[in-house]
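Just so you know, these numbers come straight off a predicted model, no measurement behind them.
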Amino acid sequence: MSNLLNEKIKSQAEIFDTALPPFGHFERFEERLERHEQRKNRHARRWIIVTSAAATLALILMFQYFYPIRISSATTDSIKEVTTYYSRQLQQQISDIEQNINLVNEPERDEILKDITDMENESQKLDKKVPGITEEEYIAYIISRYNMQLESLEHIQTILKSLPNSKKQNL
């Protein structure tokens, strides 16, 4: 069939060479050519975006494989930092109380010192992470425990400072 068409075109070549195309043919041709170029560009852009995303994902996965995230050391470091900070504040309050503890009679002094040693023992246990809770939750727990201890010590300090001067002189 294509041979027949080729022969017909060759036999009537003179007619095709001199004949003008129908009105608006060039405009329609240019419009179709432009649409084809736009589709081709759109397809090329999609291909670039997809391959870039795939390459980026591959790089991220390779980075994760070769350089895994090590959270455990950072976790213990931040817990230690929090406990160190609050234990310093606790020791400062305890030393302030121990300076004024001589103003209290013997049984009360022994009870206060026992409570202080209990607080110190409890605070030493706080720098070990408890399994089953997140780091943030444990840090919040540590802070609340230390704040309660500091408030208790501040209350003791306030009581010691508010003792009447006559009682201080008698002791």
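Among residues two or more places apart in sequence or in another chain, the side-chain contact (heavy atoms from CB on, under 4.5 Å) test is passed with Glu151 by none. Every residue two or more places apart in sequence or in another chain that forms a side-chain hydrogen bond (donor to acceptor under 3.5 Å, both in side chains) with Gln89 is listed here: Tyr85. Take Glu106 and apply the side-chain hydrogen bond (donor to acceptor under 3.5 Å, both in side chains) test, not counting sequence neighbours, and it matches Arg109. In terms of the side-chain contact (heavy atoms from CB on, under 4.5 Å) criterion, residue partners of Gln12 (sequence neighbours excluded) are, by chain and number, Lys8, Ile15, Phe16. For Lys114, the side-chain hydrogen bond (donor to acceptor under 3.5 Å, both in side chains) test picks out Asp118, with sequence neighbours left out. Remark: Arg32 pairs with no residue by the salt bridge (charged side-chain N to carboxylate O under 4.0 Å, His left out) rule, at least two apart or across chains. Evaluation of the side-chain contact (heavy atoms from CB on, under 4.5 Å) rule for His155 yields Ile159 as partners, not counting sequence neighbours. Considering only residues two or more places apart in sequence or on other chains, Gln157 meets the side-chain hydrogen bond (donor to acceptor under 3.5 Å, both in side chains) condition with none of them. Every residue two or more places apart in sequence or in another chain that forms a side-chain contact (heavy atoms from CB on, under 4.5 Å) with Glu111 is listed here: Asp115.
Note that the OG atom of Ser87 and the CD atom of Gln92 stand 12.0 Å from one another [nearest 0.5 Å]. Note that CD1 of Ile139 and OG1 of Thr134 are 8.5 Å apart. Values are rounded to the nearest 0.5 Å. Interatomic distance, CD of Glu154 versus CG of Asp96, reported as 10.0 Å (0.5 Å rounding). Here CD of Glu137 is found 12.0 Å from CD1 of Ile142. Values are rounded to the nearest 0.5 Å. In this structure, the separation between CD1 on Ile143 and CG on Leu150 is 11.5 Å, given to the nearest 0.5 Å. Expressed to the nearest 0.5 Å, how far CD1 of Ile94 lies from CD1 of Ile112 amounts to 12.5 Å.
Annotation: salt bridge (charged side-chain N to carboxylate O under 4.0 Å, His left out) contacts involving residues 38-50, sequence neighbours excluded, are absent. Counting only residues at least two apart or on different chains, no ring-ring contact (aromatic ring centres under 6.0 Å, His included) pair has a member in residues 93-122.
Heavy atoms of other residues, nucleotides or ligands lying less than 6.0 angstrom from CZ of Arg88 number 12 at most.
Under a hydrophobic clustering in which Ile, Leu, Val, Met, Phe, Trp and Tyr are joined whenever their side-chain heavy atoms come within less than 4.5 Å, directly or via other members, Met62 and Ile60 fall into different clusters. Ile49 is not connected to Trp47 by any chain of hydrophobic side-chain contacts under 4.5 Å among Ile, Leu, Val, Met, Phe, Trp and Tyr, and they are in different clusters. Tyr86 and Tyr141 fall within the same hydrophobic cluster, where Ile, Leu, Val, Met, Phe, Trp and Tyr residues are linked whenever their side-chain heavy atoms come under 4.5 Å apart, directly or through other members.
The two residues Thr83 and Tyr146 come nearest to each other via the heavy atoms O-OH, 3.7 Å. Nearest approach of Leu153 to Ile97, heavy atoms of both residues: O-CD1, 3.3 Å.
Side-chain heavy-atom separations under 4.5 angstrom define the hydrophobic clusters, and the remaining members of the one that includes Leu57 are Leu61.
Exactly one of His36, Gln38, Glu30 qualifies for a side-chain contact (heavy atoms from CB on, under 4.5 Å) with Glu34. That residue is Gln38.
Side-chain contact, Asn3 with Glu7: no donor N or O sits under 3.5 Å from an acceptor N or O.
With Gln93 contributing its side chain and Leu90 its backbone, the two residues share no donor-acceptor pair below 3.5 Å.
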